[in-house]
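Take a look at the structure below.
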Amino acid sequence: MTRRAERLMVAIRTLGFAQRAMADAWVRDSGLTRQQGFTLGYIEEHQDRGVIARELSEVSGTTPAAVAGLLQGLEDRGYITRTPSPDDSRVKLITITPEGSRLIEGFDDEMRSGQERLFASLSPDEQDTLLDLLDRVIRESGVPDSPPPPERRDRRRR
């Protein structure tokens, strides 16, 4: 590995750790665990297309049993609801409640503020240049802007 590649790897990893530390601090203050915070945020972001437990297991890299326990705890606290899918009553669609939404409401603002602090040492022009370069790396590497949702394997009743 070249010295430049090593420096890039360390810089990107360091920024990732800084971002994770910001998220962890917010999660701690919310009274949620990291997994609960991630789960509520993911559900809120994707509930319009129907989130199911298997999807949460796949995107979080945890077991279905762990997800089931996590969802039960969130449901018991009034942060989510699970309702049968209109296409297959064996499948439960997960939605966030207004109380769950209120709980995680400030996360994006806190992360945005943290990003601004993280890059404050760069001028606006330097930030634009960095964004242009990162956009080009993403575009030319074939890495999606955001990972696609896991493939759904629901069996639909007819």
Side-chain angles (χ1 to χ4, degrees), residues 8-121 127 130-131 134-135 137-139 141-158:
L8 279 168
M9 183 178 69
V10 169
I12 291 168
R13 185 182 319 136
T14 300
L15 289 172
F17 285 146
Q19 197 170 28
R20 185 173 183 163
M22 285 184 276
D24 285 348
W26 183 90
V27 166
R28 259 192 318 279
D29 292 343
S30 74
L32 298 170
T33 66
R34 177 187 299 153
Q35 192 66 31
Q36 290 169 331
F38 166 82
T39 300
L40 287 174
Y42 188 88
I43 293 167
E44 184 172 60
E45 186 174 339
H46 300 283
Q47 67 187 348
D48 60 321
R49 65 169 170 69
V51 176
I52 62 173
R54 181 176 52 246
E55 177 180 345
L56 291 170
S57 177
E58 290 174 9
V59 298
S60 66
T62 56
T63 66
V67 168
L70 173 73
L71 293 175
Q72 187 61 56
L74 292 172
E75 189 173 39
D76 291 347
R77 293 169 71 184
Y79 299 147
I80 64 163
T81 58
R82 293 184 277 187
T83 56
S85 167
D87 299 321
D88 184 343
S89 62
R90 297 168 297 175
V91 174
K92 304 294 185 230
L93 299 178
I94 306 162
T95 55
I96 192 167
T97 64
E99 185 177 349
S101 287
R102 276 191 299 281
L103 184 65
I104 63 170
E105 194 171 77
F107 180 77
D108 287 341
D109 290 339
E110 183 61 31
M111 292 303 293
R112 197 171 298 108
S113 174
Q115 293 300 325
E116 289 172 359
R117 288 190 306 273
L118 196 58
F119 292 100
S121 63
Q127 290 179 31
L130 178 60
L131 280 170
L134 291 172
D135 285 342
V137 167
I138 291 167
R139 186 176 54 254
S141 69
V143 174
D145 289 339
S146 62
E151 219 173 283
R152 297 291 292 266
R153 296 183 298 246
D154 300 358
R155 291 191 187 131
R156 308 227 177 213
R157 289 188 181 179
R158 305 220 182 244

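Quick caveat: nothing in here was measured; it's all calculated off a predicted structure.
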Item to check | side chain to side chain contact (heavy atoms under 4.5 Å, CB included) between Arg77 and Leu32, intermediate numbers included | outcome: CA-CA 11 Å; Arg77 293 169 71 184; Leu32 298 170; 4.2 Å; yes
Checklist entry - Can you tell me how far CG of Leu74 sits from OG1 of Thr81, rounded to the nearest 0.5 angstrom? => result 11.5 Å
Checklist entry - Do Ile104 and Tyr79 touch side chain to side chain, with heavy atoms closer than 4.5 Å? => result no
Next on the checklist: Apply side chain to side chain contact (heavy atoms under 4.5 Å, CB included) to residues Leu70 and Thr62 and explain how you reach the verdict.
Outcome noted: CA-CA 11 Å; Leu70 173 73; Thr62 56; over 6 Å; no
Next on the checklist: Between Phe119 and Leu130, does the side chain to side chain contact (heavy atoms under 4.5 Å, CB included) criterion hold? Intermediate values first, please.
Outcome noted: CA-CA 10 Å; Phe119 292 100; Leu130 178 60; 3.8 Å; yes
Checklist entry - Which heavy atom of Ala53 sits nearest a heavy atom of Val67, and at what distance? => result O-CG1, 3.8 Å
Checklist outcome for this item: Rounded to the nearest 0.5 Å, the CD atom of Gln72 sits from the CZ atom of Arg82 at a distance of 5.0 Å
Next on the checklist: As a quick check of understanding, evaluate salt bridge (Lys or Arg N to Asp or Glu O under 4.0 Å) for Lys92 and Glu75, giving each step before the final call.
Outcome noted: CA-CA 13 Å; Lys92 304 294 185 230; Glu75 189 173 39; over 6 Å; no
Next on the checklist: For a quick test of reading the model, state the closest non-hydrogen atom pair linking Phe38 to Ser60 and the distance between them.
Outcome noted: CE2-CB, 3.9 Å
Checklist entry - Could you state the interatomic distance from CD (Gln35) to CG (Leu56), rounded to the nearest 0.5 Å? => result 8.5 Å
Checklist outcome for this item: Rounded to the nearest 0.5 Å, the CD1 atom of Ile43 sits from the OG1 atom of Thr39 at a distance of 6.0 Å
Checklist outcome for this item: When every non-hydrogen atom of Ile52 is compared with those of Ile94, the smallest separation belongs to C-CD1, 3.8 Å
Item to check | Glu99 side chain near Leu103 side chain, heavy-atom distance below 4.5 Å | outcome: no
Checklist entry - Do Val51 and Leu93 have side-chain heavy atoms sitting under 4.5 Å apart? => result no
Checklist outcome for this item: When rounded to the nearest 0.5 Å, the distance separating CD1 of Ile80 from CD of Gln36 is 10.5 Å
Next on the checklist: Using side-chain heavy atoms (C-beta onward) and a distance below 4.5 Å, is Met111 in contact with Met22?
Outcome noted: yes
Checklist entry - What is the minimum heavy-atom distance between Thr63 and Ser57, and which atoms define it? => result C-OG, 3.6 Å
Next on the checklist: As a quick check of understanding, evaluate side chain to side chain contact (heavy atoms under 4.5 Å, CB included) for Thr83 and Thr95, giving each step before the final call.
Outcome noted: CA-CA 8 Å; Thr83 56; Thr95 55; 5.7 Å; no
Checklist entry - Ion pair present between Glu44 and Arg102, side-chain N to carboxylate O less than 4.0 angstrom? => result no
Checklist entry - Within the side chain of Thr97, is there an N or O that forms a donor-acceptor pair under 3.5 Å with the backbone of Gly78? => result yes
Next on the checklist: Let me confirm one number: the CG-CZ distance from Asp24 to Phe17, rounded to the nearest 0.5 Å.
Outcome noted: 11.5 Å
Item to check | Close side-chain approach of Arg117 and Ser113, heavy atoms under 4.5 Å | outcome: yes
Next on the checklist: Any heavy-atom pair between the side chains of Leu118 and Leu15 that's under 4.5 Å?
Outcome noted: yes
